[in-house]
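Working notes, structure below.
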Amino acid sequence: MRLSNNIMYQNNLDKILDNQQKVAIAQEKVSTQTRILTPSDDPAASAQALLFSERIDINEQFQKNNSYLTSKLKTEESVLQNIKTSLQRGYQLTVQAGNGALTEQDRATIAEEMKSIQATLYDLMNSKSEDGKFIFSGFQDNVQTYSYNGATGSYDYQGDQGNHEMQLAVGITLRSSDNGIDAFEKVDARLNVNTNTPTVGGGITAGSVIVKEQAQFDAYHKANYDPLVPANNDLQVTVTAGAPDTYAITLGGTPVASGNYNGEAINFQGMEIDLSGAAPGTADFSLAPPEKKNMLNTLEELITGLTTPGLSNDAYREFLADGITGLTNAQNQISITQANLGGRLKVAERLLDSTTDININHKESKANLIELDMAAAISELTKEETALQASQATFGRLTQLSLFDYIR
């Protein structure tokens, strides 16, 4: 085969270009510290590394979700604690208002502080999170949580029963907020009778029914109240003339108590039944249905009672008892919400630790697949540079060769 100058030039040039490419690849691997520049370098490792990259990205999004959820829950936790502190002060003032030595002016002063507490609670219950959304409005988080209804004189919940959730791991979501129904509207009001002034007949001319022992009455109410048949909640006291006079009490027509009647108050299941007149006669009243009442409306009733002049002692004691029970139950409901929230914070913390550990493992596995052995890479780079230099030196010598150099 005859070697022309063109063939020698082309072969040497191809060799130099090939070596330059190898040097460039080796340099890029060193600079990027990866042994796989294109999937063709190692198809199997590239595919596995891609899967690890996707998992790492997903876990990093979970970590961002976790951080956002934790921030929202901590904001809510702070709001709930401030609400609880305000409720505790309201409770103290209600107990203080029960002091029989207070004048109407004293009661009015207490009512003024109650108004301040109510305004504080109203503001806290309408709190917003960092993103400007109302914390306790459920899915309706662009709607103010509570508003005052001038027509009814009550504070009404404007949100819904929805709860936002965030995904913190595969198959695991946590609530990122609590709606006002769960936090504020599920507060049991004080159980009572339908009216403190029963309907009387016969020789009984007047009467009153007051719950004196709340715990005993609550137990009786919960055990006997019938939500389906209202007539089964009707209580009737029948006083019969005799020597001595006697009384009998029925619930829904069924006898539940009896005894001698001497004109003094009858104590029955935590109730004090006081009748006026002479036997025979009757007094009718009923067990009131259970109801829920938010803390704003409980305080509103307390403020009204404290500022109403001329209330009887019985009426005054009644609204104070309503207030004490309502504020106590409101604090308990806040505590339940706080406990649930604290549990979610703990779960979020554990999930963050778990996600972080998993991501570390994924990054290590990905590194094992694609990261470069720097010592080997530098050696490879040096080898390729030496080969390139040799090619360049050889090409320089070949270009100086000529057949005339051998003709003497």
Side-chain angles (χ1 to χ4, degrees), residues 61-62 64-87 90 117-169 171-190 227-228 289-301 325-348 351:
Q61 184 60 55
F62 288 153
K64 291 177 183 178
N65 290 354
N66 198 309
S67 177
Y68 180 64
L69 177 138
T70 300
S71 176
K72 288 192 69 176
L73 291 184
K74 286 185 176 179
T75 299
E76 181 185 339
E77 185 179 41
S78 176
V79 171
L80 289 174
Q81 185 55 48
N82 288 331
I83 289 174
K84 195 172 183 180
T85 300
S86 297
L87 286 173
I117 292 171
Q118 186 187 50
T120 299
L121 288 173
Y122 181 74
D123 184 59
L124 289 169
M125 291 160 72
N126 284 316
S127 294
K128 294 181 180 181
S129 57
E130 297 84 347
D131 55 3
K133 305 292 186 180
F134 288 97
I135 295 175
F136 300 108
S137 291
F139 292 145
Q140 306 297 320
D141 51 14
N142 288 317
V143 178
Q144 181 171 305
T145 309
Y146 278 91
S147 65
Y148 180 72
N149 187 331
T152 61
S154 64
Y155 290 86
D156 298 332
Y157 179 63
Q158 303 295 309
D160 58 27
Q161 298 187 51
N163 286 308
H164 292 288
E165 294 182 339
M166 297 197 73
Q167 188 171 3
L168 302 188
I172 300 177
T173 59
L174 283 183
R175 289 212 322 266
S176 59
S177 64
D178 294 278
N179 63 65
I181 294 291
D182 294 332
F184 311 128
E185 293 293 313
K186 290 184 177 180
V187 178
D188 291 326
R190 175 176 170 247
L228 301 177
E291 63 174 326
K292 308 291 184 181
K293 190 179 296 182
N294 68 57
M295 61 194 78
L296 294 173
N297 289 330
T298 296
L299 286 170
E300 184 70 14
E301 292 177 2
T325 299
L327 293 178
T328 299
N329 291 341
Q331 291 182 68
N332 292 339
Q333 189 63 33
I334 294 297
S335 295
I336 291 171
T337 306
Q338 284 179 308
N340 187 288
L341 186 152
R344 279 177 277 151
L345 278 172
K346 280 293 183 184
V347 172
L351 286 173

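In this text, all values refer to a predicted model and were calculated from it rather than measured experimentally.
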**OP:** For a ring pair (Phe, Tyr, Trp, His ring centres under 6.0 Å) with H164, tell me which candidate from F139, F134, F136 qualifies.
**Re:**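 So the option named by the test is F139.
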To the nearest 0.5 angstrom, please state how far the [atom1] atom of [X] sits from the [atom2] atom of [Y].
X	Y	atom1	atom2	result
S127	Y122	OG	OH	12.0 Å
K346	L73	NZ	CG	13.5 Å
E77	D178	CD	CG	11.0 Å
I336	L80	CD1	CG	12.5 Å
Q331	N329	CD	CG	9.5 Å
M295	I117	CE	CD1	12.5 Å

Original post:
Which one of I135, T145, I83 satisfies the side-chain contact (heavy atoms from CB on, under 4.5 Å) criterion with L124?
Top reply: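 Per the side-chain contact (heavy atoms from CB on, under 4.5 Å) rule, the option paired with L124 is I83, out of I135, T145, I83.
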Original post:
Excluding sequence neighbours, so at least two apart, what forms salt bridge (Lys or Arg N to Asp or Glu O under 4.0 Å) with K84?
Top reply: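 Expected list: none.
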Could you report the tightest heavy-atom contact between [X] and [Y], atom names first, then the distance?
X	Y	result
S71	E130	OG-OE2, 2.9 Å
K128	T75	O-CG2, 4.5 Å
T120	S86	CG2-OG, 3.8 Å
N297	N294	N-OD1, 3.0 Å
D160	N179	O-CB, 3.5 Å

Pairwise side-chain contact, [X] with [Y], heavy-atom cut-off 4.5 Å (strictly under):
X	Y	result
K292	V187	no
L174	M166	no
K72	Y68	yes
T325	D188	no
S78	N82	yes
L69	R344	no

Subject >> Any residue meeting ring-ring contact (aromatic ring centres under 6.0 Å, His included) with F62, in chain and number order, not counting sequence neighbours >> reply: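 Checked F62 against ring-ring contact (aromatic ring centres under 6.0 Å, His included); zero matches.
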Subject >> Residues forming a ring-ring contact (aromatic ring centres under 6.0 Å, His included) with Y148, sequence neighbours excluded >> reply: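 Result, ring-ring contact (aromatic ring centres under 6.0 Å, His included) vs Y148: Y155.
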Subject >> Pair D156-S154, side-chain donor/acceptor within less than 3.5 Å >> reply: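 Looking only at side-chain atoms, S154 and D156 do form a donor-acceptor pair, the distance falling under 3.5 Å.
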Subject >> Donor-acceptor pair between T328 and N332 side chains, under 3.5 angstrom >> reply: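 There is no such pair between these side chains.
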Original post:
Should the pair R175-D182 be classified as a salt bridge under the 4.0 Å nitrogen-to-oxygen rule?
Top reply: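 D182 and R175: not salt-bridged.
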Original post:
Is atom CD of Q161 surrounded by more than 12 heavy atoms (other residues, nucleotides or ligands) closer than 6.0 Å?
Top reply: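 Atom CD in Q161 is not crowded, with 12 or fewer foreign heavy atoms closer than 6.0 Å.
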Original post:
Where the side chain of Q118 meets the backbone of L296, is there a donor-acceptor pair that is under 3.5 Å apart?
Top reply: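 Yes; at least one donor-acceptor contact below 3.5 Å.
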Original post:
Would N65 and Q61 satisfy side chain to side chain donor-acceptor pair (under 3.5 Å), going step by step from the backbone distance to the final call?
Top reply: CA-CA 6 Å; N65 290 354; Q61 184 60 55; 3.1 Å; yes
**OP:** I would like to know whether Q140 and Q158 meet side chain to side chain donor-acceptor pair (under 3.5 Å); could you show each step before the answer?
**Re:** CA-CA 8 Å; Q140 306 297 320; Q158 303 295 309; over 6 Å; no
**OP:** Determine, stepwise, if the pair S177 / E76 fulfils side chain to side chain donor-acceptor pair (under 3.5 Å).
**Re:** CA-CA 7 Å; S177 64; E76 181 185 339; 5.6 Å; no
Original post:
When the aromatic ring centroids of F184 and Y157 are compared, is their separation below 6.0 Å?
Top reply: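 No - the distance between ring centres of F184 and Y157 does not fall below the 6.0 Å cut-off.
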